[in-house]
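For reference, the structure discussed in these notes is given below.
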Amino acid sequence: MEKPKIHPYIPIFIGVISVSLSAIFVKLANAEAGVIAFYRMLFSVLIMAPLFFWKYTNEIKELRIRDWLFSSAAGIFLAFHFILWFESLNYTSVASSTVLVTLQPLFAFVGTYFFFKENITLKTILAGVIAIVGSILISWGDFKLSGTAFYGDMLALVACALVTAYFLFGQDVRKRLSLVTYTMVVYAVSTITLFIYVLIKGESFGPYPTMDWIWFILLAIVPNLLGHTLFNWSIKYVSTNVVSIAILFEPIGAAILALLIFKEYLIATQIIGGFIVIVGILLFVVDEKKIFNFFQKKLDL
């Protein structure tokens, strides 16, 4: 595998900031969940189309049946991830929803082991457990609320499983395809899936106020083209587990933004839980051998 020009953790960091804005844009839009998801993906495809048709159409001929199947599966999983997650925001808080939807290590650790035979070290397990405990602590208060909030939590949890499947299928295909071709195929399949869903549900494609269209476009540009596309680039060089752990930063950023915009105040368990999540993430991404060697060299001096 060729060495990337920049360290994969840099685009992952930018991606996390971008996806943290996703729940905020969804809450600001007034359309139904399926419609928001559809326009998010449609505008993403339209924005990417000029580059794809200019430079990458020849790669379509090289796609194998396996690539089409896996890319299509990823697109379908992504579509229903958005539907369920956006719907969950109608029932529970931004903090709780984003926490549950980013608990991907619960699924990714198992998925990468069974599907890709990736080794899971003790440090990986420990880091994942710490991060998950912190995430659960953040949303502990919401679990004690009404059945409506619990329903929203369950939608977010299922959405988490779906987006993990999306990444797992992507990890296999992305190793053989360019970022633009893979993303275009997946997003196109996702758009078609969402279009059919909206038609079946009888939801309205419009008209909507100008601000709603702005939120639709921003959802396409920021979380999708900056966020998920950067994650898709990264999983060519790092494990799905790395992306899954890093995305646990999302509920922290989303909770802060929700506080500033929607006045969703944080409680003690959310603050403490956020700190625990950061500890878990740092434990996962930091190479303890490099740290040891660094300090050893300093002592030798």
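What you see below is based on every heavy atom in this structure, not just the backbone, and it leaves out hydrogens, waters and symmetry mates.
- Expressed to the nearest 0.5 Å, how far CD1 of I221 lies from CD1 of I47 amounts to 4.5 Å.
- Between F205 and F195, the distance from one ring center to the other falls under 6.0 angstrom.
- Follow the hydrophobic side-chain contacts under 4.5 Å out from L260 and you reach V94 in the same cluster.
- Between atom CD of residue E203 and atom CG of residue L194 there is a gap of 10.0 Å, rounded to the nearest 0.5 Å.
- Side-chain atoms of S71 come within 3.5 Å of backbone atoms of D67 as a donor-acceptor pair (strictly under, hydrogens ignored).
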Task: side-chain contact (heavy atoms from CB on, under 4.5 Å) between L63 and L177, worked out - done: CA-CA 8 Å; L63 292 178; L177 298 181; 3.2 Å; yes
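- A side-chain donor from one of T181 and S178 sits under 3.5 Å from a side-chain acceptor of the other.
- For F216 and Y39, the ring centers sit closer than 6.0 Å to each other.
- Between W233 and Y237, the ring planes lie tilted relative to each other; the angle falls in the 30° to 60° range.
- The nearest pair of heavy atoms linking G152 to T92 is C-CG2, 3.9 Å.
- One hydrophobic cluster, built from ILVMFWY side chains closer than 4.5 Å, cannot hold both L230 and F167; they sit in different ones.
- The shortest heavy-atom contact between L51 and Y56 is O-CD1, 3.7 Å.
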Task: side-chain contact (heavy atoms from CB on, under 4.5 Å) assessment of T191 paired with F38 - done: CA-CA 6 Å; T191 301; F38 167 71; 3.8 Å; yes
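- The aromatic rings of Y91 and Y151 sit perpendicular, their planes meeting at an angle over 60°, well past the 30° parallel limit.
- Residue L84 holds its CG atom at 11.5 Å from SG of C160, rounded to the nearest 0.5 Å.
- Summarising the geometry of L179 relative to T183, their closest heavy-atom pair is O-OG1, 2.7 Å, with the distance given to 0.1 Å.
- Scanning all heavy atoms of the two residues, the minimum distance from I83 to G34 falls at CG1-CA, 4.5 Å.
- Linking Ile, Leu, Val, Met, Phe, Trp and Tyr residues whenever their side-chain heavy atoms come within less than 4.5 Å leaves L226 and I217 in two separate clusters.
- Using a 4.5 Å heavy-atom cutoff, the side chains of Y166 and I76 are not in contact.
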Open item on the list: Between F52 and V45, is the side-chain contact (heavy atoms from CB on, under 4.5 Å) condition met? List the steps.
Closed with: CA-CA 10 Å; F52 173 75; V45 170; over 6 Å; no
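- F70 and F169 have perpendicular rings, their planes meeting at more than 60° on a 0 to 90° scale where under 30° would count as parallel.
- Using modelled atom types and a 3.5 Å distance limit, the side chains of D153 and S88 yield no donor-acceptor pair.
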Sequence neighbours left out, cut at 3.5 Å: what donor-acceptor pairs do the side chains of residues 18-33 make with other protein atoms?
residue	atom	partner	partner atom	Å
S18	OG	I14	O	3.0
S20	OG	V16	O	2.8
S22	OG	R40	NH1	2.7

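- The hydrophobic cluster containing L42 does not contain I200, counting ILVMFWY residues as joined when their side-chain heavy atoms lie under 4.5 angstrom apart, directly or transitively.
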Task: Stepwise side-chain contact (heavy atoms from CB on, under 4.5 Å) check, Y187 with L78 - done: CA-CA 8 Å; Y187 285 7; L78 182 62; 3.9 Å; yes
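- Scanning all heavy atoms of the two residues, the minimum distance from P50 to L46 falls at CD-O, 3.3 Å.
- I192 and Y182 fall into different hydrophobic clusters, defined by Ile, Leu, Val, Met, Phe, Trp and Tyr side-chain heavy atoms under 4.5 Å apart, directly or through other members.
- Considering CE of M41 and CD1 of I36, their distance stands at 14.0 Å, rounded to 0.5 Å.
- The ring-ring contact (aromatic ring centres under 6.0 Å, His included) search around F80 returns none, not counting sequence neighbours.
- Within the 4.5 Å cutoff, the side chain of H81 has heavy atoms near those of the V101 side chain.
- Atom CD1 of I65 is surrounded by 12 or fewer heavy atoms from other residues, nucleotides or ligands within 6.0 Å.
- To the nearest 0.5 Å, the span separating CD on E250 from OG1 on T98 amounts to 6.0 Å.
- The ring-ring contact (aromatic ring centres under 6.0 Å, His included) search around F262 returns none, not counting sequence neighbours.
- Taking the six-membered ring where the residue is Trp, the centroids of F86 and F82 are separated by under 6.0 Å.
- The distance from the CG atom of N224 to the CZ atom of F43 is 12.5 Å, given to the nearest 0.5 Å.
- Of all heavy-atom pairs spanning V189 and S72, the tightest one is CG1-O, 3.5 Å.
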